[in-house]
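This report refers to the structure that appears directly beneath it.
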Amino acid sequence: MVLCFSAAFSQTVNKSPKVTITAPLAGAGFKWDTVIPYAISVSDAEDGNSEYDEISNNEVLLTVKYLPDSPSLKKYLLESSTQSYEPLIRMATSTCLNCHASGSKLIGPSFDLIAQRYPYNVQTIDALSKKVFGGSSGTWSDIPMPPHPQLKIDEIKEMVKWILKNGADPDRQFVAGIAGAFRTRQRSVDTSGKSVYVLTATYTDHGSKGSTDGSGGKLGKHTVVLRNKE
């Protein structure tokens, strides 16, 4: 009886999804001012497999971070290991990334322009959160931003905080999608020759029915490092 119970119990524990950056490969090099295609595979016991189009494309995220010298790589990897991706994931699943991007303007302003315009304080966070929740127009252009009543105001505040903290970083890009591309920066005169790009792919599953571990969705993550070859 104990063995049967243990087997049934183990089947209700949600396991983390397997996320793999299949291109570019770990250890590959990069050249300056070049478009680099990427591809990510995701498999999850409950959600399915990206190979069979069972994983929602906008729930797979790629963070691209440029570091000017490889000695800073260890510190960045340590800091990113404890980073919460929840606000960014929520933005992707809420269609925010359909209108906003990091470093380039789409329909709405880019994250860096938002972070440059607004200071990080309680008043700004409250004001911007109300605009996201209820919708707004006329701030950046005549194109209206639709309301987001499906989100809780506290969830929106975390998203706004994330944008104001991270949006102004010119060396960080965020892309949603199982496949796509990003462009490396132009070479600068003070480049050490030890520059690296750190690519981190993430996917949070939807949990398992009858899960007993109380964790809900779990994060799968994979990181590869590209080193400069020029």
Any donor-acceptor pair under 3.5 Å from Thr124 side chain to Tyr120 backbone: no

Single-linkage hydrophobic cluster Tyr66~Leu77, side-chain heavy atoms < 4.5 angstrom: no

Pair Asp47, Tyr203: side-chain N/O donor-acceptor within cut-off below 3.5 Å: yes

Carboxylate-amine/guanidinium contact Arg183 Asp33, below 4.0 Å: yes

Contact summary for Asn49 and Ile55, nearest pair of heavy atoms: C-CG1, 3.8 Å

Whether over 12 other heavy atoms sit under 6.0 Å from Arg172 CZ: yes

Among Val19, Thr63, Thr200, the one residue meeting side chain to side chain contact (heavy atoms under 4.5 Å, CB included) with Lys221: Thr200

Sequence neighbours excluded, every pair satisfying side chain to side chain donor-acceptor pair (under 3.5 Å) that has a member inside residues 133-150: Lys131-Thr139

Shared hydrophobic cluster, Leu199 / Val196 (ILVMFWY, side-chain heavy atoms < 4.5 Å): no

Closest approach of Val224 to Pro24 (non-hydrogen atoms, all atoms of both residues): CG2-O, 4.2 Å

Exercise: identify the closest heavy-atom pair between Pro17 and Leu219: CD-C, 4.1 Å

Residue pair Thr204, Glu59: steps toward the side chain to side chain contact (heavy atoms under 4.5 Å, CB included) verdict: CA-CA 8 Å; Thr204 299; Glu59 294 182 20; over 6 Å; no

Verdict with reasoning, Ser129 to Phe133, per side chain to side chain contact (heavy atoms under 4.5 Å, CB included): CA-CA 6 Å; Ser129 298; Phe133 182 80; over 6 Å; no

Expected output: side-chain Ser94 to main-chain Met91 donor-acceptor under 3.5 Å: no

Test log, rule side chain to side chain contact (heavy atoms under 4.5 Å, CB included), inputs Leu73 and Val225: CA-CA 9 Å; Leu73 176 60; Val225 177; 4.1 Å; yes

Under 3.5 Å, sequence neighbours excluded: what are the donor-acceptor pairs made by side chains of residues 34-43?
from, atom 1, to, atom 2, distance (Å)
Thr34, OG1, Lys31, O, 3.4
Thr34, OG1, Trp32, O, 2.9
Tyr38, OH, Gly177, O, 3.1

Distance (rounded to the nearest 0.5 Å) between Thr202 OG1 and Leu62 CG: 8.0 Å

Validation row: Ile107, Asn98 side chains within 4.5 angstrom (heavy atoms): no

Gap between atom OG of Ser80 and atom NZ of Lys75 - 0.5 Å precision: 12.5 Å

Side-chain donor or acceptor of Lys218 paired with backbone N/O of Asn14 under 3.5 Å: yes

Heavy-atom pair of closest approach, residues Ser56 and Asn58: OG-OD1, 2.6 Å

Least distance between heavy atoms, Phe174 atom then Leu88 atom: CD2-CD2, 3.3 Å

Tell me which donor-acceptor pairs under 3.5 Å the side chains of residues 153-168 have, and how far apart each pair is, sequence neighbours excluded?
from, atom 1, to, atom 2, distance (Å)
Glu155, OE1, Lys152, N, 3.0
Lys157, NZ, Asp126, OD1, 3.2
Glu158, OE2, Lys161, NZ, 3.4
Asn166, ND2, Trp162, O, 2.9

Trace of the side chain to side chain contact (heavy atoms under 4.5 Å, CB included) decision for Asp171 with Leu67: CA-CA 7 Å; Asp171 295 327; Leu67 298 173; over 6 Å; no

Point-to-point distance, once rounded to the nearest 0.5 Å, from OG of Ser72 to NZ of Lys194: 11.5 Å

Gap separating the CZ atom of Arg185 from the CZ atom of Phe30, nearest 0.5 angstrom: 9.0 Å

Mutual orientation of the aromatic rings belonging to Tyr197 and Phe182 [parallel < 30°, tilted 30-60°, perpendicular > 60°]: tilted

Test item: Asn57 side-chain N/O and Ile178 main-chain N/O as donor-acceptor pair under 3.5 Å: yes

Backbone of Ser110 reached by a side-chain donor or acceptor of His100 within 3.5 Å: no

ILVMFWY cluster, Leu113 and Phe111 together (side-chain gap under 4.5 Å): yes

Residues Asp44 and Lys15 bridged, charged N to O under 4.0 Å: no

